[in-house]
Structures are given as C-alpha cells and as structure tokens.
Undergrad: 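My structure is below; once you've seen it, I'll send some questions.
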2 protein chains.
Amino acid sequence: MTQPATPVDRSETPFPTDATLVEKAYALLRQAIVRGALLPGEKLKIDLLQKEYGISSSPLREALNRLTAENLVTAEGNRGFRVAPVSLDDLDDLVGLRIVLEREAVEASIAEGGDDWEARIVAAFYRLEREEKRIYEEQVPLNEEWSQRHRDFHMALLSGGRSKRLANMCASLFDQAERYRRLSASVRKRAHNKSGEHKRLMDAVLSRDPVLAAERLREHVQKTAQNIANAMKAQTQIRTEAESAE
Amino acid sequence: MTQPATPVDRSETPFPTDATLVEKAYALLRQAIVRGALLPGEKLKIDLLQKEYGISSSPLREALNRLTAENLVTAEGNRGFRVAPVSLDDLDDLVGLRIVLEREAVEASIAEGGDDWEARIVAAFYRLEREEKRIYEEQVPLNEEWSQRHRDFHMALLSGGRSKRLANMCASLFDQAERYRRLSASVRKRAHNKSGEHKRLMDAVLSRDPVLAAERLREHVQKTAQNIANAMKAQTQIRTEAESAE
DNA sequence: TTATGCATTATTGTAGACATTATGCATAAA
DNA sequence: TTTATGCATAATGTCTACAATAATGCATAA
C-alpha cells in the first residue's frame with residue numbers, strides 16, 4: 001500500500017506514519033539536535049540510541065550518515081558519531097552563507113512568485129502573530145509552536161522561486177542557525193519584540209522591492225546572529241570564570 | 001594507530017588506505033556516478049553492488065545515504081536507491097546556484113586570499129596546461145587526469161576564503177555539474193579550446209578585480225552549461241526520433 | 001479493457017558474532 | 001616528575017543470516 005495522495009502539510013503532521021525507520025530515526029535525531037536535547041560534541045553511542053528510540057543499529061547508522069552531510073553530526077572513522085560542535089567561527093560561516101542564499105532566494109521569489117506565494121506569506125505571518133500574541137497574553141514562554149510558525153514564516157518568504165536546491169539549502173541553514181538560537185536561548189527565555197521586525201520584513205517583500213527586501217532580511221539575520229554570538233560569548237565567559245575559580 | 005600526520009593531497013592519493021569501508025564505498029560510488037559509469041535513474045541494487053565492490057550491505061547502505069544528501073542518489077522508501085536522474089531543469093537549477101556560490105567564493109578569495117592562494121592558482125593552472133598540451137600533442141582524448149587538473153584549478157580559484165561550508169558546497173556543485181558534463185561528453189570527445197578561457201579567468205582573479213573575476217567566472221560556467229544543455233537536447237532529439245521510427 | 005487477489009520478489013529491519021581500532025592504565029624509562 | 005611502552009578493556013565497524021514488510025507482476029474475474 002502506498003501513501004495516500006492527500007497533500008501532506010509538514011508543518012502540521014510532523015511525519016507520516018508509514019515512513020521507514022531510517023526516515024523516522026533521521027527526523028527524531030535531527031529534531032533532538034536542532035532543539036538542543038542532544039548537546040554539541042555529545043557522543044552518539046549507537047547502543048544507547050538503540051535503547052532510547054527502540055530502533056536497531058542499521059537504520060540509526062544510516063540516519064546518522066545522512067545527518068553528517070547537513071553539518072549536524074560529525075563522523076570520525078573508528079571513533080563513532082558526535083553531535084556537531086558549535087563555535088563562533090562556525091556561526092559566522094553559517095550566517096554568511098545564509099545571507100547570501102536567502103538574498104538570492106528572496107530576490108528569485110519576488111521575481112517569480114505569484115499570488116499563491118504572497119498568500120502563503122500572509123497566512124504564515126498571521127499564524128506567527130497569533131502565536132506571539134498568545135505567548136504575550138498568557139505569559140507563556142517561547143515554545144515549539146512558535147518555533148514552527150517562525151520557521152514557516154521565513155520559509156514562506158523564500159518559497160516563491162523555482163530552485164528546489166536553493167530552497168532546501170536555505171531550510172537546512174535555517175535549522176542549523178535555529179540550533180544555535182536554541183542553545184543560546186537558555187539564558188533569555190522570553191521573546192524579544194521580533195514581531196515588528198517580521199512585519200517590516202514581510203512588507204518589504206510584499207512591496208516586491210528586491211533591494212529593500214534583501215537588505216531587511218540581511219539586517220534581521222545578522223541581528224539575530226549578533227544576539228546569539230553575544231549570548232555565546234557570555235556563556236563562554238561564565239564557563240571560563242567558573243573554571244578559573246576552581 | 002592513527003593516520004600519519006603528513007598532509008594528504010587529495011588530488012594525488014585518491015583515498016587513504018586506512019579509511020573505513022563506509023568511506024571507501026562512498027568514494028567509489030561517488031566516483032562511479034560522477035564519471036557516468038552508473039547512469040542516471042539506474043537502480044542501485046545492494047546485492048549487486050556487494051558483489052561488484054566486495055563490500056557488505058551495511059557500509060554500502062550508509063554510503064548511499066550520504067550520497068542522497070548530495071543529490072547524487074535518490075532514496076525512495078521501500079523502493080531502494082537509484083542514481084539521481086538528470087534533466088534540463090535540474091541542470092538549470094544547479095548552474096544557477098553554482099554561479100551564485102562561486103561568485104561569492106571568488107570575491108571572498110580576492111578579498112582574503114594571500115600569496116599562498118595565488119601560488120595555488122598558478123600551480124594548478126600550470127598543471128592543467130601541461131595536461132592539455134599533452135592531450136593535444138599526443139592526440140590523447142580527454143581523460144581522468146585532465147578532469148582532476150580541471151577540478152583542482154577551479155577549486156584553487158575559490159580556495160582563498162575562510163568559509164569551509166562555501167568551499168564544500170562549491171566542490172559538491174562542481175562535481176554535480178561534472179557529472180552532467182561527462183554524460184553529455186559522450187558525443188564530443190576532444191577538448192574545446194578551454195585553455196584560453198581558463199587563462200583569462202586566472203588573469204582576472206589574480207588581478208584581484210572582483211567584478212571582472214565574477215563576470216568571467218559566470219561566463220565560463222554559463223557557457224559550459226550551455227554546451228551541456230545543447231548536447232542533452234541533441235541526445236533527447238535523437239532518442240525521440242529513434243523511438244518514433246519504431 | 002479494467003479491477004482484484006495472490007504469489008513472487010525486493011527492500012528494510014533485527015540480532016548476534018567477529019575483527020579491528022581506540023583508550024585508559026599500569027609499569028618502565030628518561 | 002615527565003614521557004614512553006605495552007597490555008587489557010571497551011568501542012566501533014563489519015559481516016551474515018534471517019524475519020517482517022512492502023512493492024510488483026501476473027493470472028483470473030468482472
């Protein structure tokens with residue numbers, strides 16, 4: 001039996017139920033790494049993961065091999081797998097590429113995107129705002145729901161172009177950056193006022209001014225990265241002080 | 001025992017001897033696909049590959065999973081692995097991204113590269129020219145040696161920047177394009193006079209004029225892609241005619 | 001011609017044995 | 001002390017056989 005032909009909204013159903021175990025393991029591990037449940041540098045021992053997820057070694061190893069190509073896992077011959085380490089240099093590298101590729105993607109979207117693309121943006125923004133309002137009014141901390149809405153909004157902005165590769169790369173880089181955001185977010189739990197920034201971003205994109213849109217996107221990405229970098233430096237500072245106090 | 005600390009020149013020694021079987025399988029399969037020994041769409045049956053390479057299923061499957069992330073292999077759940085298909089649309093996509101990323105890489109190289117970078121370019125060009133001269137004088141057809149020199153030259157041009165991710169992506173996209181080149185090259189076996197083009201490219205880069213360098217790089221990549229596209233169209237034409245003549 | 005059911009085949013997943021390599025620790029040498 | 005060396009132990013990678021599941025092709029019925 002094949003998967004039903006109904007279009008799957010990946011933002012709603014996290015994963016189809018009839019996926020192979022490799023795909024499930026891939027999705028689970030990826031999520032755990034991006035969300036920071038598995039920490040940078042952490043050893044990924046097959047037998048432990050096996051018990052944790054109830055999946056045997058072969059599909060796990062295959063999933064881990066896929067993740068190495070996405071810079072989320074490192075594999076060193078005969079020394080097993082690890083969660084990819086993080087560093088300020090790597091963040092820099094990541095953000096630099098993100099800016100280049102997201103500029104390209106938003107420019108292509110503005111040039112090629114139709115009404116459906118614009119509608120996707122408006123819808124995604126609406127849902128993101130709703131969630132942020134809920135968080136503000138109910139004094140809820142940032143949550144998975146917001147992260148998903150946030151991701152959807154950003155991807156919607158870039159989804160108007162034809163290039164599949166570009167879209168995939170942007171998504172991958174976004175998630176890699178998301179991992180950094182989460183790791184550094186242990187400090188500041190509540191949302192900055194990102195809502196205004198996202199509104200400005202959307203307006204620029206919907207006005208179809210490629211220069212303005214690219215510029216605001218760059219600002220947004222760079223500002224976020226700066227916050228993350230500062231948090232990382234602060235953490236390193238704290239860690240260093242704690243160590244030297246011993 | 002760890003690998004000796006001597007720097008490995010990947011262009012000389014295709015692969016270290018103490019690599020794991022996953023790495024060997026990965027390298028072998030990748031090569032076979034890029035060189036066109038395994039054709040687009042071809043089924044990759046594990047048991048056949050097992051006999052072919054003398055490597056058991058586990059490392060083979062792991063290697064294939066890595067290759068899926070590079071767009072060289074497709075994996076469809078419960079339907080096994082295939083060599084990634086090719087199409088004019090995909091070529092377009094590929095080349096579009098290549099131009100964006102190689103421009104970025106060459107600009108970064110010009111801004112950040114030092115004498116060592118320039119020396120790498122000159123050396124790579126010298127070796128490429130030597131090989132082309134040999135091919136011309138001895139009436140040898142294009143060969144693996146030339147392909148390697150050609151790759152080395154292009155990568156040298158882009159190797160001056162700090163971004164590791166960018167370099168890796170450029171290399172991956174170059175090889176994906178190389179696969180297209182080889183597949184379409186079955187027609188025209190002898191080298192075009194690329195030598196002059198490469199010289200002009202090198203001169204622009206070494207003059208450290210980022211605009212000129214990016215423009216010549218774009219021209220070069222696009223012209224190559226156009227030749228490939230034309231060859232693909234001709235092949236499709238021929239295939240279509242053959243089919244309708246039945 | 002178009003469905004349906006069934007047998008066949010291919011793929012995926014599991015388990016456990018085995019070989020190889022890394023690692024930590026005790027001991028010996030500088 | 002510090003730095004090597006050798007060995008026991010653990011971790012990793014690989015292989016094999018087999019079980020479970022899904023896809024596929026074909027004969028038959030509608």
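Below, chains carry the letters A, B, ... as their sequence lines are ordered, and counting in each starts from 1.
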Undergrad: Looking at every heavy atom in both A:P40 and A:V83, which two are closest together, and how far apart are they?
TA: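 Nearest heavy atoms, A:P40 then A:V83: CA-CG1, 3.8 Å.
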
Undergrad: Nearest whole angstrom, please: distance from the P of D:dG13 to the CG of A:L60.
TA: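 Going from CG in A:L60 over to P in D:dG13 covers 13 Å.
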
Undergrad: Would you please test B:R35 and B:E144 for salt bridge (Lys or Arg N to Asp or Glu O under 4.0 Å) and show each step?
TA: CA-CA 9 Å; B:R35 295 184 178 179; B:E144 290 306 329; 3.0 Å; yes

Undergrad: From CG of B:N78 over to P of C:dT9, roughly how many Å is that when rounded to an integer?
TA: 19 Å

Undergrad: Starting at CD of B:E76 and ending at C1' of C:dT11, how long is that distance when rounded to a whole Å?
TA: 13 Å

Undergrad: A:R82 CZ to D:dA11 P: how many Å, rounded?
TA: 13 Å

Undergrad: Ignoring backbone atoms, establish whether B:K43 has a side-chain N or O less than 4.0 Å from OP1 or OP2 of C:dA10.
TA: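 No.
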
Undergrad: Polar atom pairs between nucleotides 14-18 of chain D and protein, under 3.5 Å, N or O only, would you list them?
TA:
{"residue": "D:dT14", "atom": "OP1", "partner": "B:L21", "partner atom": "N", "Å": "2.2"}
{"residue": "D:dC15", "atom": "OP2", "partner": "B:S56", "partner atom": "N", "Å": "3.0"}
{"residue": "D:dC15", "atom": "OP2", "partner": "B:S56", "partner atom": "OG", "Å": "2.2"}
{"residue": "D:dC15", "atom": "O5'", "partner": "B:S56", "partner atom": "OG", "Å": "3.1"}

Undergrad: Between C1' on D:dA22 and CZ on B:R79, what's the gap in Å once rounded to a whole number?
TA: 10 Å

Undergrad: Determine which nucleotide pairs with D:dT9, using a 3.5 Å limit on both distances of a Watson-Crick or G-U wobble pair.
TA: C:dA22

Undergrad: What integer distance in Å separates B:L44:CG from C:dT12:P?
TA: 11 Å

Undergrad: Taking the side chain as everything from C-beta on, heavy atoms only, tell me whether A:R165 gets closer than 4.5 Å to B:L94.
TA: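 The answer is yes; the side chains approach within 4.5 Å.
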
Undergrad: Can you tell me the distance, in whole Å, between the CG atom of A:L49 and the P atom of D:dG13?
TA: 12 Å

Undergrad: D:dA23 C1' sits how many Å from B:I46 CD1, rounded?
TA: 16 Å

Undergrad: Would you please indicate yes or no on a ring centroid separation below 6.0 angstrom for A:H150 and A:F174?
TA: yes

Undergrad: Compute whether any side-chain donor of one residue and acceptor of the other, for B:Y126 and B:E131, lie under 3.5 angstrom apart.
TA: no

Undergrad: Just verifying a value: how many Å separate B:Q176 CD and B:L72 CG, rounded to the nearest 0.5 Å?
TA: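 So the gap between those two atoms works out to 5.5 Å.
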
